[in-house]
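Notes for the one structure printed next.
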Amino acid sequence: MRTYSEREVAAIIERAVERQQEADTGTPDTGLTLDEIERLGRESGIDPAHLRAAASEIDTEGRTLSRQTGQTRTEVVVERWIDVPLALEAWEDIVAHLRTEFGASAGEVLGQGDTIRQVGSSYEWGHTNAMGIRTRVVLSPRDGKTRLRMNQLVGMSSPMVEGIGYGSVIALLIGVMAMGAASGLTDGVMAPGVTGLTAFLVSWVAASFGVAAFDRRWRAKKLRQLDALADEIVPLVQRHADAEQSAQASEGADGITDSQGPLLDLDPLAESAVGPTDASRETRRVRS
């Protein structure tokens, strides 16, 4: 059965309340104010400070952030849709931030460093630490928006499968030690074998569930860390997009002013329209 995160639980409760109100009134709900959302949050055990922080992520200018997090059998995944275009300067700052956050990679120890590449219009950064955990960050411009996708490899299979695998190794060691201990206490052959097998089976079950539970908690922690890192990257994209937009607006204003150019002297045009002056006629008579 699926386990829902705290964010998903809050969204489910809020939507359930909306559906209940629609069912009671017979008309769709027009929306909730922030005070009403905070009241619902308090009833659901959610700190109002978190609700206000979430509300601040919806910009007054209509800029919204689409947040998605999840897990596969082997990865944790975080995705954001940012309603601003991607600036090259933002990507440079993001790479610097990621390098500070993750430190030296396994490749850097071998003189290779992290991986940075561009695929089409998308920018990709990769990192592998000493434990073999691979992290990948991709930013892609899409129709005036920026798609941020981050995924981190946290295992070779599901927590339960890894729990069974690692649990069997732990249980095998315990079984061998139990067999050795039983051999030193009795002279029989069957007793140590039975003791070792029993110790193996019992410890295998316990270790499998224990490792799987630990793995789930560890993956949830890595997902929270990746989600927090995405929240740090989003403002970098927004800030550079706002700066680029301000610069373009300033250049546009300067272009309007400069496009007027120098003032045109209309006197020669007026002279050609009314004919030559008396002085110019006198000059031509002298020359002739």
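We're numbering straight along the sequence, starting at 1. Computed over heavy atoms, backbone and side chain alike; hydrogens, waters and symmetry mates excluded.
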Legend entry - hydrophobic_cluster_shared for Met156 and Trp218, side chain cutoff 4.5 Å: no
Legend entry - For Gly196 against Ala178, the heavy-atom pair lying closest together: CA-CB, 4.4 Å
Legend entry - Path from Leu201 to Val194 over hydrophobic side-chain contacts below 4.5 Å: no
Inset, instruction - Sort and list the pairs that fulfil salt bridge (charged side-chain N to carboxylate O under 4.0 Å, His left out) and have at least one residue in residues 149-174, not counting sequence neighbours. - result: Glu79-Arg149, Glu162-Arg219
Inset, instruction - Show the numbers, then the answer: is there a side-chain contact (heavy atoms from CB on, under 4.5 Å) between Gln225 and Gln152? - result: CA-CA 11 Å; Gln225 292 175 345; Gln152 195 170 72; 5.6 Å; no
Legend entry - Spatial distance of atom CH2 (Trp91) from atom CG (Leu86) [nearest 0.5 Å]: 8.5 Å
Inset, instruction - Measure the shortest side-chain to side-chain distance between Val154 and Leu223 over non-hydrogen atoms and say whether it is less than 4.5 angstrom. - result: no
Inset, instruction - Starting from the C-alpha separation in whole Å, work towards a yes-or-no answer on side-chain contact (heavy atoms from CB on, under 4.5 Å) for Arg80 and Val237. - result: CA-CA 11 Å; Arg80 299 282 190 276; Val237 178; over 6 Å; no
Inset, instruction - I would like to know whether His97 and Leu229 meet side-chain contact (heavy atoms from CB on, under 4.5 Å); could you show each step before the answer? - result: CA-CA 10 Å; His97 183 77; Leu229 181 60; 3.9 Å; yes
Inset, instruction - Consider only side-chain heavy atoms of I, L, V, M, F, W and Y, link residues closer than 4.5 Å, and tell whether Met131 and Val211 are in one cluster. - result: no
Legend entry - Polar side-chain atom of Thr146 near backbone of Val84 as donor-acceptor pair, under 3.5 Å: yes
Legend entry - Test side-chain contact (heavy atoms from CB on, under 4.5 Å) applied to Ile170 and Ile174, Leu173, Leu172, the passing residue: Ile174
Legend entry - Interatomic spacing from CG in Leu148 to OH in Tyr123 - rounded to 0.5 Å: 15.0 Å
Legend entry - Any side-chain donor near an acceptor of the partner, Arg73 and Ser157, under 3.5 Å: yes
Inset, instruction - Determine whether Phe102 and Trp125 make a side-chain contact, defined as any pair of heavy atoms from C-beta on separated by less than 4.5 Å. - result: yes
Legend entry - Taking every non-hydrogen atom, the tightest pair across Gly167 and Ala207: CA-CB, 3.8 Å
Legend entry - Spacing of OG1 belonging to Thr128 relative to CZ belonging to Arg134, to within rounding of 0.5 Å: 6.0 Å
Legend entry - Nearest-0.5 Å distance that lies between atom CG in Leu139 and atom CD1 in Ile233: 6.5 Å
Inset, instruction - Spell out, yes or no, whether Val95 and Val78 are grouped together once hydrophobic residues are joined by side-chain heavy atoms under 4.5 Å, including indirect joins. - result: yes
Inset, instruction - State the CG-CG distance between Leu236 and Leu98, to the nearest 0.5 angstrom. - result: 9.0 Å
Inset, instruction - Could you give me the CA-CA distance, side-chain angles and deciding distance for Trp81 and Arg142, then say whether side-chain contact (heavy atoms from CB on, under 4.5 Å) is met? - result: CA-CA 9 Å; Trp81 278 95; Arg142 293 288 186 273; 3.6 Å; yes
Legend entry - Interatomic spacing from CD1 in Ile133 to NZ in Lys222 - rounded to 0.5 Å: 4.5 Å
Ignoring hydrogens and angles, write down the donor-acceptor pairs under 3.5 Å from the side chains of residues 115-122, residues two or more places apart or on other chains.
{"unit_1": "Thr115", "atom_1": "OG1", "unit_2": "Gly126", "atom_2": "N", "d": "3.4"}
{"unit_1": "Arg117", "atom_1": "NE", "unit_2": "Glu124", "atom_2": "OE1", "d": "3.4"}
{"unit_1": "Arg117", "atom_1": "NE", "unit_2": "Glu124", "atom_2": "OE2", "d": "3.3"}
{"unit_1": "Arg117", "atom_1": "NH2", "unit_2": "Glu124", "atom_2": "OE1", "d": "3.4"}
{"unit_1": "Arg117", "atom_1": "NH2", "unit_2": "Glu124", "atom_2": "OE2", "d": "3.4"}
{"unit_1": "Gln118", "atom_1": "NE2", "unit_2": "Gly120", "atom_2": "O", "d": "3.0"}
{"unit_1": "Ser122", "atom_1": "OG", "unit_2": "Ser140", "atom_2": "OG", "d": "2.7"}

Inset, instruction - Kindly say whether Ile164 contributes a backbone atom to a donor-acceptor pair with the side chain of Trp204 at under 3.5 angstrom? - result: yes
Legend entry - Enclosure of Arg216 CZ (heavy-atom neighbours >12, cutoff 6.0 Å): yes
